[in-house]
Amino acid sequence: MEVKRRAVKNLVTKLSSVSEQTRTEAICELRLISKNDPDSRPLIADAGAVPYLSESLYSSNKLSQENSTATLHNLSISHKDLLMSTRGLLDALSHALRNPSSPSVAQCAAGTIFSLLTVESYRSIIGHKRDILFGLIDIIKNPNSDSRTVKDALKALFGIALYPMNRAHIVELGAVPPLFSLLCNDGRAGILEDVTAVIAQIAGCEESWEAFRKISGVGVLVDMLDSSTGSSNRTKENAISALLNLVQCGGEETVNSIRGIVLGAVDGIIEVAENGTDKGRSKAMALLKILDVSSCTFQEEHMDYLSNHSL
C-alpha cells in the first residue's frame with residue numbers, strides 16, 4: 001500500500017507542472033488507476049488531486065478534459081463529500097457539460113453530478129446551479145447526443161427533481177418540451193423509462209400544468225397507457241405517477257380539464273392497479289379515486305372493478 005501511496009503522490013505532484021504534456025500524462029495515469037483499482041481512490045483523494053482535476057475541466061486539451069472528468073466520476077463513487085467541498089467543482093462540471101470536447105466528457109460530467117445527487121442534502125445545492133440545469137437540458141435537446149449521455153443527463157435531472165423546490169426551476173428553464181420530444185421520438189432502449197421518471201417528478205409542482213398543457217403532454221402520457229403502444233410496465237407506472245402528481249398539484253381545475261382525456265385510458269390505469277408493483281398499484285388507485293368524481297359513465301363501464309375496490 002505504501003508503494004501505491006508514493007506512486008499516486010508522485011502523479012498528483014505532476015498535476016501542478018508547468019508542462020501541459022506532463023500534466024496530461026499524469027491525469028491519464030490517474031484515470032486508469034482510479035478505474036482499475038478502487039482501493040487507490042482514497043489515495044488519490046487524500047493526495048489532493050481533486051482541485052487540479054476540477055481545474056482541468058476547463059482545459060482546451062481534449063485528452064486532459066476527458067480523463068479529468070472520468071477520474072472525478074470514479075472518485076465520486078466514494079468521495080462525494082470531498083468533491084462537494086472543493087471550491088468551484090460544480091462550476092467546472094457545468095462548464096464540462098456545456099463545453100465538452102467529446103461525448104464522453106458530457107457523459108462523465110452528467111454521471112458525476114448524478115452520483116453527487118444520491119446524497120439528499122446536495123440536491124438543493126446542485127439544483128440552484130442554473131448552468132448545470134441548462135447543460136443537462138441541452139444534452140436532451142441535442143438529437144446527436146448518444147444514448148449513454150442522454151441517460152446520465154436524465155438520471156441527473158431525476159435526482160435534482162427529487163428535491164421538490166427544484167421542480168419549478170426545471171420547468172421554467174424549458175425542460176418540458178425536450179422531455180416530451182424524447183418521449184415521442186426516441187426509441188432507444190431504456191430512454192422511455194428514464195424520461196417518464198423525470199416527467200413524473202417535475203409534474204409535482206404547480207408550474208407544470210401550464211407547461212404540459214402547451215404541448216398536449218397529458219395526451220402523450222395517456223398514450224403511454226394504451227396497450228397498443230407496447231410501453232413497458234415501468235413506463236406505464238411512471239405515466240400514472242406523472243398524471244397523479246399533476247392533478248394533485250393542479251387541484252380541481254386541472255382535474256376537470258384533463259378528466260375526459262385521462263378516462264380514455266382508464267383500462268390502462270386499472271391494469272396497473274391490478275397488476276403493477278405495490279407503489280404502482282397505490283398510485284393507480286389514487287388517480288382513479290381523484291378522477292372518479294360524478295362520472296356516471298365511468299362508473300357504469302367499470303362497475304365490476306369498482307364493486308371489488310374501494311375508491
Side-chain angles (χ1 to χ4, degrees), residues 137 140-141 143 150 154 157-158 161 167-168 170-188 190-276 280-281 283-299 301-302 305 311:
I137 293 169
I140 64 173
K141 277 183 178 179
V150 170
L154 289 170
L157 283 171
F158 176 81
R167 295 167 190 167
I170 297 172
V171 172
E172 290 164 359
L173 293 179
V176 172
L179 285 170
F180 275 94
S181 179
L182 275 179
L183 188 55
C184 295
N185 302 314
D186 199 309
R188 290 176 289 185
I191 296 292
L192 292 185
E193 287 85 353
D194 289 340
V195 73
T196 50
V198 178
I199 289 171
Q201 287 298 319
I202 64 173
C205 68
E206 292 181 1
E207 293 78 4
S208 62
W209 163 238
E210 182 63 19
F212 281 40
R213 185 191 63 78
K214 287 181 178 179
I215 57 167
S216 303
V218 171
V220 175
L221 293 171
V222 166
D223 286 344
M224 294 293 106
L225 298 173
D226 191 323
S227 59
S228 65
T229 62
S231 299
S232 68
N233 292 334
R234 182 183 165 206
T235 296
K236 291 179 179 179
E237 291 195 8
N238 287 340
I240 286 173
S241 179
L243 292 169
L244 178 62
N245 285 339
L246 197 65
V247 295
Q248 285 179 331
C249 289
E252 190 64 24
E253 181 180 351
T254 301
V255 174
N256 292 334
S257 298
I258 72 174
R259 180 185 286 110
I261 302 173
V262 178
L263 288 181
V266 72
D267 290 337
I269 301 173
I270 288 178
E271 178 189 350
V272 173
E274 292 179 327
N275 303 312
R281 290 199 300 270
K283 291 187 176 184
M285 290 294 292
L287 181 59
L288 288 171
K289 183 176 181 179
I290 291 174
L291 294 174
D292 184 31
V293 181
S294 302
S295 179
C296 296
T297 301
F298 169 74
Q299 291 181 358
E301 291 179 354
H302 299 88
Y305 180 80
L311 295 182

In Å, rounded to the nearest 0.5 Å, how long is the span from [atom1] of [X] to [atom2] of [Y]?
| X | Y | atom1 | atom2 | value |
| --- | --- | --- | --- | --- |
| I258 | L263 | CD1 | CG | 9.5 Å |
| I199 | L246 | CD1 | CG | 11.0 Å |
| I269 | L291 | CD1 | CG | 6.0 Å |
| I215 | E210 | CD1 | CD | 11.0 Å |
| I137 | L157 | CD1 | CG | 6.5 Å |
| I240 | M224 | CD1 | CE | 13.0 Å |

Exercise for review: Quick one: do F180 and L221 satisfy side-chain contact (heavy atoms from CB on, under 4.5 Å)? Show the steps, please.
Suggested key: CA-CA 9 Å; F180 275 94; L221 293 171; 4.1 Å; yes
Review point. Do E237 and R281 meet the salt-bridge criterion of a basic N to acidic O distance under 4.0 Å?
Key: no
Check your understanding: Is it true that R234 and D194 make a salt bridge, defined as a side-chain N closer than 4.0 Å to a carboxylate O?
Key -> yes
Least distance between heavy atoms, [X] atom then [Y] atom:
| X | Y | result |
| --- | --- | --- |
| V171 | C205 | CG2-SG, 4.0 Å |
| A273 | M285 | CB-SD, 4.0 Å |
| V262 | L287 | CG1-CD2, 4.5 Å |
| A239 | L225 | CB-CD2, 4.2 Å |
| Q248 | I290 | CG-CD1, 3.9 Å |
| W209 | S257 | CZ2-CB, 3.7 Å |

Practice item. Could you walk me through whether E271 and K236 pass salt bridge (Lys or Arg N to Asp or Glu O under 4.0 Å), step by step? Key: CA-CA 10 Å; E271 178 189 350; K236 291 179 179 179; 3.6 Å; yes
Practice item. Could you check L179 against T196 for side-chain contact (heavy atoms from CB on, under 4.5 Å), going step by step and ending with a plain yes or no? Key: CA-CA 8 Å; L179 285 170; T196 50; over 6 Å; no
Check your understanding: Do V176 and S208 pass the side-chain contact (heavy atoms from CB on, under 4.5 Å) test, and can you show the C-alpha distance, the side-chain angles, and the key distance before you say yes or no?
Key -> CA-CA 8 Å; V176 172; S208 62; 5.9 Å; no
Check your understanding: Does the side-chain contact (heavy atoms from CB on, under 4.5 Å) test come out yes or no for D186 and V195, once each step is laid out?
Key -> CA-CA 10 Å; D186 199 309; V195 73; over 6 Å; no
Check your understanding: Would you find more than 12 non-hydrogen atoms of other residues, nucleotides or ligands less than 6.0 Å from E206 atom CD?
Key -> no
Point to revise | Evaluation steps, side-chain hydrogen bond (donor to acceptor under 3.5 Å, both in side chains), between S232 and T235 | key: CA-CA 5 Å; S232 68; T235 296; 3.0 Å; yes
Check your understanding: Is there a donor-acceptor contact under 3.5 Å from the side chain of N245 to the main chain of A200?
Key -> yes
